[in-house]
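In what follows, a structure is listed as structure tokens, so that the remarks can point back to it.
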Amino acid sequence: QVQLVESGGGLVQAGGSLRLSCAASGRTFSSSAMAWFRQAPGKEREFAAAISGSGGSTYYADSVKGRFTISRDNAKNTVYLQMNSLKPEDTAVYYCAAKRYGLGYVSMGPLEYSYWGQGTQVTVSS
């Protein structure tokens, strides 16, 4: 059974940093693109960052570009999101997502991702 488990969320002051982790289990994910999405209260879920199966390609939403970095360690079946220079508008539940086996290319549409974690709360105070 495929499972994605996020960790690393919390409360941080504006300008601070957090590192989110997403541990995948159930199969090897090195052939699957993975991504981070986020959902703020009262808003739709939005794309934040994605990384290809090999880790060679990444893609970011304009709102996080230059501040967030997505990476992965395929030996550990884990994807990370390093978040720097955090802003109050980054406050949201952050979700890890993975594509089906063999779909290694990056994309930003949530419907293209088949597996989702339960989310981790990130709160940035002003």
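Side chains included, hydrogens not; waters and symmetry mates left out as well; all remaining heavy atoms used. Just so you know, these numbers come straight off a predicted model, no measurement behind them.
- Listed by chain and residue number, Arg27, Ser31 satisfy the side chain to side chain contact (heavy atoms under 4.5 Å, CB included) test with Tyr101 (two or more places apart in sequence, or in another chain).
- Looking only at distances, no side-chain donor or acceptor of Gln39 sits under 3.5 Å from a matching main-chain atom of Ala92.
- Each disulfide (SG to SG under 2.5 Å) pair with one or both residues in residues 52-126, not counting sequence neighbours, appears once here: Cys22-Cys96.
- Hydrophobic cluster of Met108: the remaining members, joined at side-chain heavy-atom separations below 4.5 Å, are Phe37, Phe47, Tyr59, Val93, Tyr95, Val106, Tyr113, Trp116, listed by chain and number.
- Put simply, the side chain of Pro110 does not reach to within 4.5 Å of the side chain of Glu44, judged on heavy atoms.
- Proximity of a side-chain donor or acceptor of Arg72 to a complementary backbone N or O of Ala33 within less than 3.5 Å is not detected.
- Interatomic distance, Gln121 CD to Leu11 CG, rounded to the nearest 0.5 Å: 9.5 Å.
- Panel note: side chain Glu6, backbone Gly119; a donor-acceptor pair is recorded below 3.5 Å.
- Hydrophobic cluster of Tyr80: no remaining members, since no ILVMFWY side chain lies below 4.5 Å from it.
- Note that the NZ atom of Lys99 and the OG atom of Ser107 stand 2.5 Å from one another [nearest 0.5 Å].
- Through direct or relayed side-chain contacts under 4.5 Å between Ile, Leu, Val, Met, Phe, Trp and Tyr, Ile70 connects to Val2, Leu4, Val12, Leu18, Leu20, Phe29, Met34, Trp36, Ile51, Tyr60, Val64, Phe68, Val79, Leu81, Met83, Leu86, Tyr94, Tyr115, Val122, Val124.
- Residue pairs meeting the disulfide (SG to SG under 2.5 Å) criterion with at least one member in residues 26-79, sequence neighbours excluded, do not occur.
- Put simply, the side chain of Arg67 reaches to within 4.5 Å of the side chain of Asp90, judged on heavy atoms.
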